[in-house]
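Notes follow once the structure below has been shown.
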Amino acid sequence: MVRTARRGRIEPEVTPDLIRQIRQISLPLRGARDLDPLLNRIGDARFVLLGEASHGTAEYYTWRAQITRRLIVEKGFQFLAVEGDWPACDHLDQFIKGRGDAADSREALQAFDRWPTWMWANAEIAELAAWLKRHNATHSAQVGFHGLDVYSLWDSLYAVIGYLRRVDPSAIDAARRAFHCFAPYGEDAQQYARATARLVPDSCETEVVDLLANIRRKGPSYREDDRWGAFQAEQNALVVKDAEAYYRAMVRGGPQSWNIRDRHMQETLERLATFYGPHSRGIVWEHNTHIGDARYTDMADDGMVNIGQLARQRWGE
């Protein structure tokens, strides 16, 4: 086999012999039963990370949905976590668990209103969500649908304010301070990011750290009445804190903003695993750049990590 060097790595060159070898070990993929070798390979793994080479490609979504359904039915996986915003995914999660006011899955997907809407508001996800709702209707253990991403700064902040207004109005001051700090930027992340890079920078870092600290301090009392509501409030406060750090790092360049985002995804995955229980099993849908192990790619040369690397370091191969 001929090999070529690229950026210090030795890579195979595509030759007729290599193509023959690939054909000898490849398997047809025509229907759900053709996934049997993959399900066998997964075995008793606690997490399965399913990638895609491009966002919005129907075939990737269709096959990931096939794999996901089999993992839920045959191996008892309890939640699906995707490269999407927590508040929008929560709207869909409520639908598939028989809560909320959406009449059908397509209406529930209207919550995905941040560009690119088609990344999650598409026919394949609508079909999967309808299946998840039917599945949950006949099983006591409810399968969840959750977002791992960090972009929903304002939506998450509004969610925290709404939660505190309902359950603990006396604790709303920290949320209001964060809201007033961000208010001059009109929900424009780019404008806020630029403000943090001025000669005399403006930043809401203190306010969002205080917000998360207050939510966590009062968390035990909140969980007594509504465990999931308290979890959501803390998660949204975590999104606000990490989104602020992400946008602040974004204008400075380098790997820091990427690493903030993927570390947030990993922390969210860990939080979901804890919430669902010590024996819970989760499925992750993200782009290949997030779930492939960064240690074996050019990303490592640039000082970048991803959830594929962090999850393996946390839970093992």
TODO: Salt-bridge test for R261 and D149: reply yes if a basic N is under 4.0 Å from a carboxylate O, no otherwise.
DONE: yes
When every non-hydrogen atom of N306 is compared with those of T289, the smallest separation belongs to ND2-O, 2.9 Å
Flag this pair as yes if the NZ/CZ of R64 is under 6.0 angstrom from the six-membered ring centre of Y61 and inside a 45 degree cone about the axis; otherwise no. yes
### Query
F275 and F79: aromatic ring centres closer than 6.0 Å?
no
| message | With no hydrogens and no angle check, just 3.5 Å: does a side-chain donor-acceptor pair link E52 and T57? | response | no
For L212, the hydrophobic cluster (side chain heavy atoms closer than 4.5 Å, chained through members) also holds L238
- Task: Indicate, with yes or no, if V208 and Y247 share a hydrophobic cluster defined by side-chain heavy-atom contacts under 4.5 Å among Ile, Leu, Val, Met, Phe, Trp and Tyr.
- Result: yes
Run S203 and E244 through side-chain contact (heavy atoms from CB on, under 4.5 Å) and show every step you take.
CA-CA 8 Å; S203 169; E244 187 279 332; 3.4 Å; yes
query = Do R314 and Q266 meet the criterion of a side-chain donor-acceptor pair at a distance under 3.5 Å?
reply = no
Residue pairs meeting ring pair (Phe, Tyr, Trp, His ring centres under 6.0 Å), one or both in residues 29-57, sequence neighbours left out, come to F47-W315, H55-H287
Worksheet item: Hey, do the aromatic rings of W228 and H146 have their centres closer than 6.0 Å?
Response: yes
- Query: Can S170 and D168 be said to form a side-chain hydrogen bond (donor to acceptor under 3.5 Å, both in side chains), step by step?
  - Reply: CA-CA 5 Å; S170 65; D168 190 5; 2.6 Å; yes
*Would D90 and Q232 count as having a side-chain donor-acceptor pair, cut-off 3.5 Å?*
yes
| request: Could you tell me whether R223 sits above the aromatic face of F231, with NZ or CZ closer than 6.0 angstrom to the six-membered ring centre and within 45 degrees of the axis? | output: no
The single option from Y246, W154, F182 that satisfies ring pair (Phe, Tyr, Trp, His ring centres under 6.0 Å) with Y192 is F182
| query | Does the ring centre of W86 sit less than 6.0 Å away from the ring centre of H264? | reply | no
